[in-house]
Amino acid sequence: MKLFEFEAKEILKKHGVKVPRSVLLEKGEKNPLEKIKAAGLEPPIVVKSQVLVAGRGKAGGIKIAKTWEEAEKLIAELFEKPIKGLKPRYLLIEEAIPHEKELYASIIIDRSERKPVILASQFGGMDIEQIAKEKPESIVRMYVDPFLGLKAYQARKIGKMIGLKGKILNSFASFLIGLYDVFMEYDADLAESNPLAVTEDGVIPLDARLIIDDNSIYKHPDISERNLEDTGEYTEWEIKARKMGLAFVELDGDIGIIGNGAGLTMTTMDLVYLYGGKPANFLDIGGGASKELVKTAVKFLIDLPRTKKIFMNIFGGITRCDEVARGIVAALEELGGSPKPLVIRLSGTNEEEGRKILQENGIDAYTDPIEAVQKVVSL
Amino acid sequence: MKLFEFEAKEILKKHGVKVPRSVLLEKGEKNPLEKIKAAGLEPPIVVKSQVLVAGRGKAGGIKIAKTWEEAEKLIAELFEKPIKGLKPRYLLIEEAIPHEKELYASIIIDRSERKPVILASQFGGMDIEQIAKEKPESIVRMYVDPFLGLKAYQARKIGKMIGLKGKILNSFASFLIGLYDVFMEYDADLAESNPLAVTEDGVIPLDARLIIDDNSIYKHPDISERNLEDTGEYTEWEIKARKMGLAFVELDGDIGIIGNGAGLTMTTMDLVYLYGGKPANFLDIGGGASKELVKTAVKFLIDLPRTKKIFMNIFGGITRCDEVARGIVAALEELGGSPKPLVIRLSGTNEEEGRKILQENGIDAYTDPIEAVQKVVSL
Amino acid sequence: MAIIVDENTKLIVQGITGKEGRFHTKLMLDYGTKIVAGVTPGKGGTDVFGIPVYDSVEEAKNAHPEANTSIIFVPARFAADAVYEAIDAGIKTIVVITEHIPVHDAMKFVNYGKSKGVTIIGPNCPGVITPGKAKVGIMPGHIFTPGHVGIVSRSGTLTYEIAYAMTKAGIGQSTAVGIGGDPVIGTSFIEALQMFEEDPETEAIVMVGEIGGDMEERAAKMIEEGKITKPAVAFIAGRTAPPGKRMGHAGAIIMMGTGTAEGKIKALESVGVKVAKTPMEIPDLLKQVLKK
Amino acid sequence: MAIIVDENTKLIVQGITGKEGRFHTKLMLDYGTKIVAGVTPGKGGTDVFGIPVYDSVEEAKNAHPEANTSIIFVPARFAADAVYEAIDAGIKTIVVITEHIPVHDAMKFVNYGKSKGVTIIGPNCPGVITPGKAKVGIMPGHIFTPGHVGIVSRSGTLTYEIAYAMTKAGIGQSTAVGIGGDPVIGTSFIEALQMFEEDPETEAIVMVGEIGGDMEERAAKMIEEGKITKPAVAFIAGRTAPPGKRMGHAGAIIMMGTGTAEGKIKALESVGVKVAKTPMEIPDLLKQVLKK
């Protein structure tokens, strides 16, 4: 789960990391300037749209106000300005930080080493993909033992490797330890600061990102759940699907896909593409799906406007083909028949029983996935 | 540093440990009963004197009030009642917890294993020394890897070893993990609950003790410094000494002791005793003491009412004998000579120079500690 | 021989009294897996399908010292503790079926297991089957058949599809390992490959990969370096998956332009591994490489 | 031979530019200790008494691969980090002079050091001296003289007193180890005893104990079990110390009735160790046991 910049910075601050002085404005705030003055801030100030999409700055979501008049105007403007389709509920108002240089620092878990890895570069400000492309040799990596934690000497070593020294180096090391503590304490998938500004006094994060592992949210009651609508990660139909408990990703084709198991479902998409069709989505009903879940999934894909036809590829392992068949029948009964062609491949556990249930309801099913995919593409 | 019961319980609560509902009264509280009612408590309630001495219960510092009248009377009474010489500044008012059984649980660092060790017994309520004496076989010990932490399965194992099962066992395991988290997070010398009550719903700490390593206080800004007067650990003169930066322990004899280094100072006490004297104190000026520190120490012991004579045993290693001599001379100059006999043994680094400085001021010094101790005892 | 599990596997089922644990205990017993004990804290003294249940792995291990393998069906919040418990009780092979375990938890117990010389499979995996000998997992046993081709896979159902196609084509499996779909897993693609390389009963290897991470690329590197000499064929799922979206598995996501199916296929083909376009092609490709 | 430090010791001084570090670097150099490098983060490139200073132990070790020992004068808040740095840089003997290090910090780095096979002396200790060969510590060198009696001690100044008395009586020392006065230390009494037992140059051992803990009792047990066969004599400080009060050292406290001087003396005497009533008796006791 992505945190808003102001949430990430609040957490960093609690862990002893110095962040810019700021005040948060919520939409509808009556006297924003009063609130900013009360917080001891005055122009130049930075007005930052709190949206969860990348590339906020380039999209015009971050502006500097040099005067109170400008501030008032920008605040009104940014509250109304959609950034990649999302309007902010909050604006973060920060002191402007004069700085000489911008660094990059982040922490993720390295899959191969199974350890946290710290990534840093002396070229901050651009995104890591861009740095990796333009200045790959500038990216410094260091693995950390998850039981021992990040030691100060290691943090200093990273700082030295990206060219820092003296007071700035020590400040960077302290920052990194704070970032690491937050990364570990919050089960983060990503803790990042970019840009991390170098000022006369030390480093200070101009931006901060924190993505929490969805599976660990229960451990962190201080983190409030995101509205799916606010994340900018999901389409309208993906949000609907998540609320219904479906593992669904929307694609740009027109053949609706249902599979059981992520690998098989992806493979089903690939097969459709291979045989000349375009998948409309990924929808995995998982292992051991119930009749109810199958019914929900089938109805959902029939409702999905972009599907012209639907391909269901089931290999029964834990999933029982008879249960799947019952779900399909129930869906079609409720809808009074499918308004969109439905091609089904059914194989594996209780295959015969499933096939029988379908036949009794006038529905055919393939055994061979290749035949089935050729059929659905040809429709 | 010892924490008050209410502080320890507050910290446990923050770490997810269930503690009795309570309200804290400070001396001078105008409407204690109102405050208790506002907290949703009603009799029977427990009134607990917040003093940092052991054996509070036996000394009459914990009382149960069955009615509001009784509560009012007990509150007034306990605020005025000294427990082992200390009057409380706070009373903790807690709900009375009906319970079937009392357990003991604590965590300390084992010096030999260099690991946290959990101690538990099914016989709570009496102190651990008493349990160790009367029911030694009831005490269960488990070492914990400080990097891996206490695992739930280990906590359950301890609970099972002290005879718990079912819901109570799981509750005990959760409690122990909370206690361990607090122990580690707060650099504790001791985290203890005794008694830990067993109720129908699970375990709940009736008392809680937390002693924080003095050297780690800087890491824990949320912990407020103790007034030395409130700790009950120090005599009036020990408090004076600590405020002056002296490592001083008061004893019950009459020969004042100054040494450099803890081992040598203790040995000096032992020598005095061995040769028939009684040491009045332990005072270690440490390694490399300055003239100023020596002066302070000498004057302090001359002021200390219980000393009749003073024995100073210095073996110069890092400590320079000339510096020590200058300190002695300075002290005596300020006092216009010593009103109490002062026997000095001076040996080691810059011995000759030190001896010369003393002689110039009419002060003799021994080289041999045995001769010196015989002298001071004979005076 | 085979790898990870075989006729000498003596299994403990952790979380045996839960719905999933109970269900799969039955299926594993039916398959012939030797289950010696179950563990559920607080349920010690009961039994499940005749298998005695204990309060802790230590107690189970004391009563059944021959136990050498554990399978974990414990819910995600308690699964990490169950893994530590098994490791500390001296179990040397642990299969973690549970999904939704926080990645940091998995990272820690995987590191701890490695330090103790323990083989961990999963989490979020279908388990391991050595056909005809032992099934330690949730895969349908009947679609597998004994033979000499090892399968290492990041995906459950897809493995079944491929194994079934192989079985129908008369190609049996030495062992099939579902390594799991999470970002951090105990036994990686290349570690499983290494085991197959060292297993005398395995003559060829099927690699079933998917988008995300760089395990397949590392496998290609191992082959290039001559560390894997047995013939290998592959299938990679997710050619049509868009970047930045998790495709069901937590680990199946193309990030920062890395982890694409194209990249993986290219890496494998460049070291001579034949990559199937559909799962159904795998038996044919295997026949080609086994003929040589 | 001797133990811990000797003529092959090549020393790094961590915290060399601080007041204490600088002062004792001079004294150690004067004594003849081979100091190859100093470390103070941010002061790399400077020097102290001709010793080159580096920003990190790793850099010092790269420039002076012969470095095998480190002494730490870093302030308490940064000392634990300095220990980890030395361990991770491959230093195998670390002497921690710093006092007031939080006990939990010491507990952790001591455990880590053990897992890496590193000998840690201290914290809060005077260090180690092998007279005539190397002084890695803050003890006054001139009161020691080469010989064949090992000293292991929990107390600094008291050690000097005893060593000086021995030197005056013509009894030299193989090595004197101040193990430190904190509750958790890297090398315990019994571990130091074991080293002396295995050291061919050591013929007898002086144990200087004090109240608190049970290290002396464990030493007695080792002697009883025949693990220490060399003649040993002892002095225990704190016969007159009251219970429950810390006597200067963080570790010197009688708690729950354990750790009294009487208990320790009794334990040692019961296994035939002569315990001196005053430090000055040590040379005589040594002459008695060495005569046998």
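Nothing here was measured: the structure is a model prediction, and the numbers come from that model. Keep in mind that the numbers below use all heavy atoms, side chains included, and drop hydrogens, waters and symmetry copies.
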Interface check, chain B: of D/Leu27, D/Val184, D/Val103, most non-hydrogen pairs under 4.5 Å belong to D/Val103

Part of [X] within contact of chain B (heavy atom distance under 4.5 Å):
X	answer
D/Ile162	neither
D/Met247	both
D/Ile101	backbone
D/Ile138	both
D/Val110	side chain

Is it the side chain or the backbone of [X] that comes within 4.5 Å of chain D heavy atoms, both, or neither?
X	answer
B/Phe248	neither
B/Phe315	both
B/Ile217	neither
B/Pro116	both

Out of B/Gly253, B/Ala247, B/Ala262, B/Gly286, which one racks up the most heavy-atom pairs below 4.5 Å with chain D?
B/Ala262

Among B/Gly316, B/Gly317, B/Gly259, which has the most heavy-atom pairs under 4.5 Å with chain D?
B/Gly317

Sub-4.5 Å side-chain heavy-atom contact between [X] and [Y]:
X	Y	answer
B/Met184	B/Ile107	no
B/Val343	B/Ile310	no
B/Phe183	B/Ile109	yes
B/Ile255	B/Val377	yes
D/Ile151	D/Val208	yes
D/Ile120	D/Phe109	yes
B/Leu3	B/Ile223	yes

Donor and acceptor N/O pairs, chain B versus chain D, under 3.5 angstrom:
residue, atom, partner, partner atom, Å
B/Arg111, NH1, D/Gly251, O, 3.0
B/Arg111, NH2, D/Gly251, O, 2.7
B/Ser112, OG, D/Asp214, OD1, 3.3
B/Ser112, OG, D/Arg218, NE, 3.0
B/Ser112, OG, D/Arg218, NH2, 3.3
B/Arg114, O, D/Asn111, ND2, 2.7
B/Arg114, NE, D/Ile185, O, 3.0
B/Arg114, NH1, D/Glu191, OE2, 3.2
B/Arg114, NH2, D/Ile185, O, 3.0
B/Arg114, NH2, D/Gly186, O, 3.0
B/Arg114, NH2, D/Glu191, OE1, 2.9
B/Ala188, N, D/His104, NE2, 3.2
B/Ala188, O, D/His104, NE2, 2.7
B/Asp213, OD2, D/Val103, N, 2.7
B/Asn215, OD1, D/His100, ND1, 3.1
B/Lys219, NZ, D/Asp105, OD1, 2.7
B/Lys219, NZ, D/Asp105, OD2, 3.3
B/Glu233, O, D/Lys245, NZ, 3.0
B/Glu238, OE1, D/Lys245, NZ, 2.7
B/Glu238, OE2, D/Lys245, NZ, 3.1
B/Asn260, O, D/Thr157, OG1, 2.8
B/Asp270, OD1, D/Arg239, N, 3.0
B/Asp270, OD1, D/Thr240, N, 3.0
B/Asp270, OD1, D/Thr240, OG1, 2.7
B/Asp270, OD2, D/Gly238, N, 2.7
B/Asp270, OD2, D/Arg239, N, 2.9
B/Arg345, NH1, D/Glu161, OE1, 2.5
B/Arg345, NH1, D/Glu161, OE2, 3.0
B/Arg345, NH2, D/Glu161, OE2, 2.5

How would you list, by chain and number, every residue that makes a side chain to side chain contact (heavy atoms under 4.5 Å, CB included) with [X], sequence neighbours excluded?
X	value
B/Ala297	B/Leu246, B/Ile258, B/Leu283, B/Ile285
B/Ala365	B/Ile344, B/Leu346, B/Arg355, B/Leu358
B/Ile108	B/Val117, B/Leu119, B/Leu190

Walk me through it: do B/Leu86 and B/Leu52 pass the test side chain to side chain contact (heavy atoms under 4.5 Å, CB included)?
CA-CA 9 Å; B/Leu86 290 174; B/Leu52 293 167; 5.6 Å; no

What pair of heavy atoms forms the shortest contact from D/Leu158 to D/Pro279, and how long is it?
CD1-CG, 3.9 Å

